[in-house]
Number of protein chains: 2
Amino acid sequence: MDNLDRGIIDLLRQNARASYGDIGVEVGLSASAVKRRVDRLVADKVIRGFTVQVDPNVDGMQTEAYVELFCRGTVAPDELRRILQGVPEVVDAGTVTGSADAIVRIRSRDIPSLEAALEKVRIAPNVDHTRSAIILSKLVNRSGD
Amino acid sequence: MDNLDRGIIDLLRQNARASYGDIGVEVGLSASAVKRRVDRLVADKVIRGFTVQVDPNVDGMQTEAYVELFCRGTVAPDELRRILQGVPEVVDAGTVTGSADAIVRIRSRDIPSLEAALEKVRIAPNVDHTRSAIILSKLVNRSGD
DNA sequence: GATGCCGCGGTCGAGATTGTCCATCAGGCC
DNA sequence: GGCCTGATGGACAATCTCGACCGCGGCATC
């Protein structure tokens with residue numbers, strides 16, 4: 001993992017379908033050398049995969065919300081993880097600093113299904129209450145979804 | 001946008017570097033027909049781009065935070081977008097319901113660089129104050145990063 | 001019904017790309 | 001020096017890309 005690898009990854013991030021030859025011109029390597037490095041990065045699991053960014057409006061998962069979770073007493077992270085993983089609409093979740101115990105990112109087709117997902121999260125034991133912020137419009141999206 | 005397109009997108013989501021021929025075998029089209037459809041999907045902005053999923057631990061971007069933005073007076077979403085897009089650490093941002101005006105997801109190498117990124121966000125005009133929640137540990141991660 | 005247009009898919013071929021093999025080279029070590 | 005290891009560039013065949021061209025079916029028009 002040196003600067004060459006980082007350069008290759010940066011280029012792939014911009015266009016994962018770029019040819020090895022083109023990448024090689026940018027970073028100063030031959031196509032074969034680039035391919036060897038990319039293969040190694042994939043084998044080493046540094047590169048998890050190549051994917052495509054799709055307009056979320058098209059695949060019909062456009063309703064998203066941040067949900068703060070407030071728990072009673074002690075929180076068992078492992079149990080929380082188990083519960084949250086059981087809700088497919090949960091895209092992302094983590095324990096956080098601040099007054100909330102965890103922040104959960106939920107994505108669903110529409111408001112009713114968002115509410116249903118939220119209900120499933122609330123079932124988790126020790127969850128005292130939640131506070132949701134529904135996303136009105138996306139300002140930036142560099143996370144690939 | 002029909003079932004063929006959806007099939008192609010599903011396959012590209014799994015492997016954006018798959019050859020058109022291989023995709024064609026899966027969805028029952030010739031390589032040329034697949035390329036035509038992919039080109040059209042890209043032209044129509046249904047496909048926003050091809051990218052690579054990198055292990056965040058490896059490229060040293062493991063410090064993440066949710067930042068609530070509170071603005072003074074009226075918020076110009078376009079200007080907010082322009083400012084936020086200028087901060088590379090901003091992974092995700094959107095205007096939201098609730099007391100905050102926007103929620104910004106920031107990812108950086110460590111706490112000092114997180115603070116620096118936060119500073120850049122605060123520069124935005126009309127930003128009154130911010131409230132950050134730093135992620136302590138990830139509970140769920142289905143967003144591919 | 002005949003006609004032309006349009007969208008969509010297949011086939012073909014030149015040219016580019018990929019993937020593999022091999023020779024080479026630099027650096028570390030004995 | 002001699003040897004090993006890891007990485008690179010070059011060469012080559014296999015594969016893929018991508019545009020040109022053709023045919024087919026649906027549809028509106030005459």
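Please read all numbers here as calculations on a predicted model, not as lab measurements.
The distance between atom CG of D39(A) and atom C1' of dT20(C), rounded to the nearest whole Å, is 11 Å. Distance CG (D22(A)) to P (dG15(C)): 18 Å, rounded to an integer number of Å. We find that OH of Y20(B) is positioned 13 Å from C1' of dT17(C), with the value rounded to whole Å. The distance between atom CD1 of I23(B) and atom P of dG9(C), rounded to the nearest whole Å, is 14 Å. When rounded to the nearest whole Å, the span between CG of N15(B) and P of dT18(C) equals 13 Å.
We find that D92(B) and R107(B) are not joined by a salt bridge, their nearest charged nitrogen and carboxylate oxygen being 4.0 Å or further apart. With salt bridges taken as basic N to acidic carboxylate O contacts below 4.0 Å, one links D39(B) and K35(B).
Residue Q85(A) places its CD atom among more than 12 non-hydrogen atoms of other residues, nucleotides or ligands, all under 6.0 Å distant.
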Check nucleotides 5-9 of chain D for protein N or O atoms closer than 3.5 Å to its own N or O atoms and list the pairs.
unit_1: dT8(D); atom_1: OP1; unit_2: R37(A); atom_2: NE; d: 3.1
unit_1: dT8(D); atom_1: OP1; unit_2: R37(A); atom_2: NH2; d: 2.7
unit_1: dG9(D); atom_1: OP2; unit_2: S30(A); atom_2: N; d: 2.9
unit_1: dG9(D); atom_1: OP2; unit_2: S30(A); atom_2: OG; d: 3.1
unit_1: dG9(D); atom_1: N7; unit_2: R36(A); atom_2: NH2; d: 3.2
unit_1: dG9(D); atom_1: O6; unit_2: R36(A); atom_2: NH1; d: 3.3

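The side chain to side chain contact (heavy atoms under 4.5 Å, CB included) with S19(A) is formed by just one residue from the set I23(A), N15(A), D22(A); it is D22(A).
The aromatic ring centroids of Y66(B) and Y66(A) lie less than 6.0 Å from each other.
Comparing dG19(D), dC16(D), dT17(C) against the side chain of K35(B) picks out dG19(D) as the nearest.
Looking only at atom types and distance, the side chain of S137(A) has a donor-acceptor partner in the side chain of T95(B) under 3.5 Å away.
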